[in-house]
Amino acid sequence: MAERRGGAHSRREDRGAIIVEFAAMVPFMMLALALVWQVLLIGLTSMYASHGAAEAARQAAVTPDDMERIDEEARKRVLSPWDTPDVLTTSVVERDGARYARVTVVMPVFLPGTTGPWDITGEARVVTEVTPRDGVVEPPPGAQPSEPEEDDA
């Protein structure tokens, strides 16, 4: 009989230990949850940057000189609060003879709407459909670059 009492008594002590161990693990579980949430925000921000760049490139192909319209189209693909002017910036850059639409989004820290020290940038190549006013013309994909014509005179 004494053995039974000892068994029941030790179970009561274990119950208290389990509660203490769970309480000790809660901060670590919350930290893991916060890290998973931050990784989710990084992925979402990256997705918005690439979608915005694709839309900006499409618009830049049609209206290469209208940056306001290009920026407006890029913001249509991005949800609030990622689409505000202090979080999202749009530009068209030229590199290696080609034009690219670049959308940069400030990475939120833990909550959307808060800005952090990191930026995530998405780029998409602009396939020119209309010649820009600055005169930069790129050949269509797969086409041979044309040689300048010489005068016979």
Side-chain angles (χ1 to χ4, degrees), residues 7-146:
H9 182 60
S10 67
R11 254 187 266 136
R12 273 187 256 140
E13 289 175 11
D14 286 348
R15 187 173 37 200
I18 291 172
I19 292 171
V20 170
E21 289 173 5
F22 177 76
M25 288 302 296
V26 167
F28 295 108
M29 290 187 295
M30 296 301 285
L31 179 64
L33 183 64
L35 289 174
V36 168
W37 176 250
Q38 188 63 40
V39 168
L40 179 87
L41 285 177
I42 290 169
L44 196 59
T45 304
S46 177
M47 181 190 71
Y48 284 146
S50 64
H51 284 322
E55 284 298 316
R58 285 187 198 104
Q59 188 62 41
V62 178
T63 58
D65 299 312
D66 191 357
M67 271 309 294
E68 185 175 308
R69 184 86 188 268
I70 293 168
D71 185 60
E72 177 185 329
E73 287 299 316
R75 289 178 194 280
K76 282 183 182 179
R77 296 287 279 186
V78 179
L79 295 178
S80 181
W82 282 273
D83 65 345
T84 58
D86 59 328
V87 174
L88 184 140
T89 56
T90 306
S91 61
V92 177
V93 296
E94 188 170 334
R95 186 177 62 241
D96 301 327
R99 299 178 75 213
Y100 294 88
R102 180 181 291 167
V103 172
T104 302
V105 182
V106 177
M107 178 65 223
V109 177
F110 198 65
L111 292 174
T114 61
T115 57
W118 310 288
D119 293 341
I120 294 181
T121 301
E123 275 192 2
R125 185 166 183 205
V126 177
V127 179
T128 304
E129 294 180 15
V130 177
T131 304
R133 291 185 194 145
D134 61 9
V136 176
V137 179
E138 63 182 62
Q144 295 293 329
S146 60

- Message: What verdict does the side-chain contact (heavy atoms from CB on, under 4.5 Å) test give for D71 and E68, after you've listed the backbone C-alpha separation in whole Å, the side-chain angles of each residue and the deciding distance to 0.1 Å?
- Response: CA-CA 5 Å; D71 185 60; E68 185 175 308; 5.9 Å; no
- Apply the test side-chain contact (heavy atoms from CB on, under 4.5 Å) to residues V92 and I70: give CA-CA distance (whole Å), side-chain angles for both, the deciding distance (0.1 Å), then the verdict. CA-CA 9 Å; V92 177; I70 293 168; 4.1 Å; yes
- Message: Let's go through F110 and Q38 carefully: what are the C-alpha distance in whole Å and the side-chain angles of both, what is the deciding distance for side-chain contact (heavy atoms from CB on, under 4.5 Å) to 0.1 Å, and is it a yes or a no?
- Response: CA-CA 6 Å; F110 198 65; Q38 188 63 40; 4.2 Å; yes
- Before giving the answer on salt bridge (charged side-chain N to carboxylate O under 4.0 Å, His left out), spell out for E73 and K76 the whole-Å C-alpha distance, their side-chain angles and the decisive distance to 0.1 Å. CA-CA 5 Å; E73 287 299 316; K76 282 183 182 179; 3.0 Å; yes
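Between M107 and I120, the shortest heavy-atom contact is SD-CD1, 3.7 Å. Residues A101 and A57 approach most closely at CB-N, 3.5 Å, considering heavy atoms. Closest approach of Q59 to R69, counting heavy atoms only: NE2-CG, 3.3 Å. Closest non-hydrogen pair, A124 versus A53, comes out as CB-O, 3.5 Å. Taking all atoms of both residues into account, the shortest heavy-atom contact from W82 to V87 is O-CG1, 3.7 Å. The nearest pair of heavy atoms linking T90 to A56 is CG2-CB, 4.1 Å.
Remark: side-chain polar atoms of T63 are not paired, donor with acceptor, to backbone N or O of A60 under 3.5 angstrom. When atom types are taken as modelled, the side chain of T114 and the backbone of V109 share a donor-acceptor pair closer than 3.5 angstrom.
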For residues 25-36, which side-chain N or O atoms pair as donor and acceptor with protein atoms under 3.5 Å away, sequence neighbours left out?
none

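Residue pairs that meet the salt bridge (Lys or Arg N to Asp or Glu O under 4.0 Å) test with at least one member in residues 109-124, sequence neighbours left out, are R95-E123, R102-E123.
Distance check: L44 CG to I42 CD1 gives 11.0 Å after rounding to the nearest 0.5 Å. With values rounded to the nearest 0.5 angstrom, H51 atom NE2 is found 10.0 Å from L79 atom CG. Note that the OG1 atom of T45 and the CE atom of M47 stand 9.0 Å from one another [nearest 0.5 Å]. Distance CG/L88 to OG1/T104: 8.0 Å, rounded to 0.5 Å. In this structure, OG1 in T121 is found 15.0 Å from OH in Y100, a value given to the nearest 0.5 Å. D83 CG to Y48 OH: the interatomic distance, rounded to the nearest 0.5 Å, is 9.0 Å.
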